[in-house]
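Note sheet for the following structure.
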Amino acid sequence: MALMARTCNYDAMGAERLGARLFVFLGGLFWVIAALSAPLFYTGQGVGTAVLDALLPFGLAAVALLVGWFYENVAAVLLFLGAAATVVWGIVAGWEPGVWAVMALVLIAPQIIAGLLFIMAAQAQRVCDGAKA
């Protein structure tokens with residue numbers, strides 16, 4: 001059996017899809033909670049401000065999840081662009097090393113991992129579609 005043979009593996013494809021969607025969902029949940037918590041507990045602002053602050057991460061995560069559900073390659077590109085935009089934002093804002101470490105751990109790396117999982121699932125789908133023909 002060839003190690004690099006293109007064989008259809010529905011289990012691996014399902015795991016890749018599930019992993020990508022979980023990364024997007026859990027990442028979105030983390031950032032929504034963070035956006036809700038910061039105005040409430042650190043600056044003492046009201047609930048209305050906190051909800052408005054949480055709308056952006058909620059919307060971005062919802063769009064990424066929805067696009068990824070139907071167009072995995074497009075979702076991967078969007079996630080990679082989001083990771084690149086975060087890096088550019090960090091350079092422009094002049095983040096300190098600790099901020100870079102946190103953002104790399106909780107935003108940049110999960111976006112890249114989810115994007116790679118979406119690409120792998122899309123590739124597996126192409127292989128399985130080719131196996132049917």
Side-chain angles (χ1 to χ4, degrees):
M1 176 199 295
L3 182 61
M4 300 300 289
R6 291 179 176 240
T7 59
C8 180
N9 187 343
Y10 287 107
D11 293 332
M13 181 174 52
E16 291 158 355
R17 281 193 175 123
L18 179 63
R21 291 171 183 165
L22 278 175
F23 263 92
V24 171
F25 176 77
L26 294 175
L29 183 65
F30 171 84
W31 284 105
V32 166
I33 291 170
L36 281 170
S37 301
L40 288 175
F41 298 113
Y42 292 114
T43 62
Q45 296 174 348
V47 174
T49 303
V51 169
L52 288 175
D53 287 350
L55 285 178
L56 179 63
F58 174 77
L60 291 173
V63 166
L65 192 59
L66 187 62
V67 169
W69 209 274
F70 298 103
Y71 305 102
E72 291 163 335
N73 288 323
V74 174
V77 169
L78 290 175
L79 288 163
F80 293 147
L81 288 174
T86 304
V87 170
V88 170
W89 177 28
I91 292 169
V92 170
W95 288 346
E96 297 175 356
V99 177
W100 275 109
V102 169
M103 294 303 275
L105 183 67
V106 298
L107 184 59
I108 298 168
Q111 284 179 320
I112 292 170
I113 292 168
L116 290 172
L117 287 169
F118 274 128
I119 287 174
M120 291 168 57
Q123 176 62 27
Q125 183 68 52
R126 282 191 294 277
V127 168
C128 288
D129 288 347
K132 291 178 189 176

F30 atom CZ: more than 12 heavy-atom contacts under 6.0 Å: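 For F30, atom CZ is crowded (more than 12 foreign heavy atoms under 6.0 Å).
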F80 atom CZ, over 12 foreign heavy atoms within 6.0 Å: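 More than 12 within 6.0 Å, yes.
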Roughly how far apart are [X] [atom1] and [Y] [atom2], rounded to 0.5 Å?
{"X": "W100", "Y": "T86", "atom1": "CH2", "atom2": "OG1", "answer": "8.5 Å"}
{"X": "E72", "Y": "R21", "atom1": "CD", "atom2": "CZ", "answer": "6.5 Å"}
{"X": "W69", "Y": "F118", "atom1": "CH2", "atom2": "CZ", "answer": "9.0 Å"}
{"X": "Q125", "Y": "C8", "atom1": "CD", "atom2": "SG", "answer": "8.0 Å"}
{"X": "Q111", "Y": "L60", "atom1": "CD", "atom2": "CG", "answer": "9.0 Å"}
{"X": "L36", "Y": "L52", "atom1": "CG", "atom2": "CG", "answer": "10.5 Å"}

Side-chain heavy atoms nearer than 4.5 Å, only ILVMFWY residues, links allowed to pass through others: does that put [X] and [Y] together?
{"X": "I33", "Y": "V47", "value": "no"}
{"X": "V106", "Y": "V99", "value": "yes"}
{"X": "L105", "Y": "I112", "value": "yes"}
{"X": "V77", "Y": "I108", "value": "no"}
{"X": "L116", "Y": "L22", "value": "no"}

L66 and F70: CA distance, side-chain angles, deciding distance, side chain to side chain contact (heavy atoms under 4.5 Å, CB included) verdict: CA-CA 7 Å; L66 187 62; F70 298 103; 4.0 Å; yes
Side chain to side chain contact (heavy atoms under 4.5 Å, CB included) assessment of L56 paired with W31: CA-CA 9 Å; L56 179 63; W31 284 105; over 6 Å; no
Audit row: F23, L79, side chain to side chain contact (heavy atoms under 4.5 Å, CB included) steps and yes/no: CA-CA 11 Å; F23 263 92; L79 288 163; over 6 Å; no
What are the two closest non-hydrogen atoms of [X] and [Y], and how far apart are they?
{"X": "E16", "Y": "A124", "result": "OE1-CB, 4.0 Å"}
{"X": "V74", "Y": "V67", "result": "CG1-CG1, 3.7 Å"}
{"X": "A75", "Y": "G68", "result": "CB-CA, 3.3 Å"}
{"X": "P39", "Y": "D53", "result": "CG-OD2, 3.1 Å"}
{"X": "N9", "Y": "C128", "result": "N-SG, 3.9 Å"}
{"X": "P110", "Y": "A104", "result": "CD-O, 4.0 Å"}

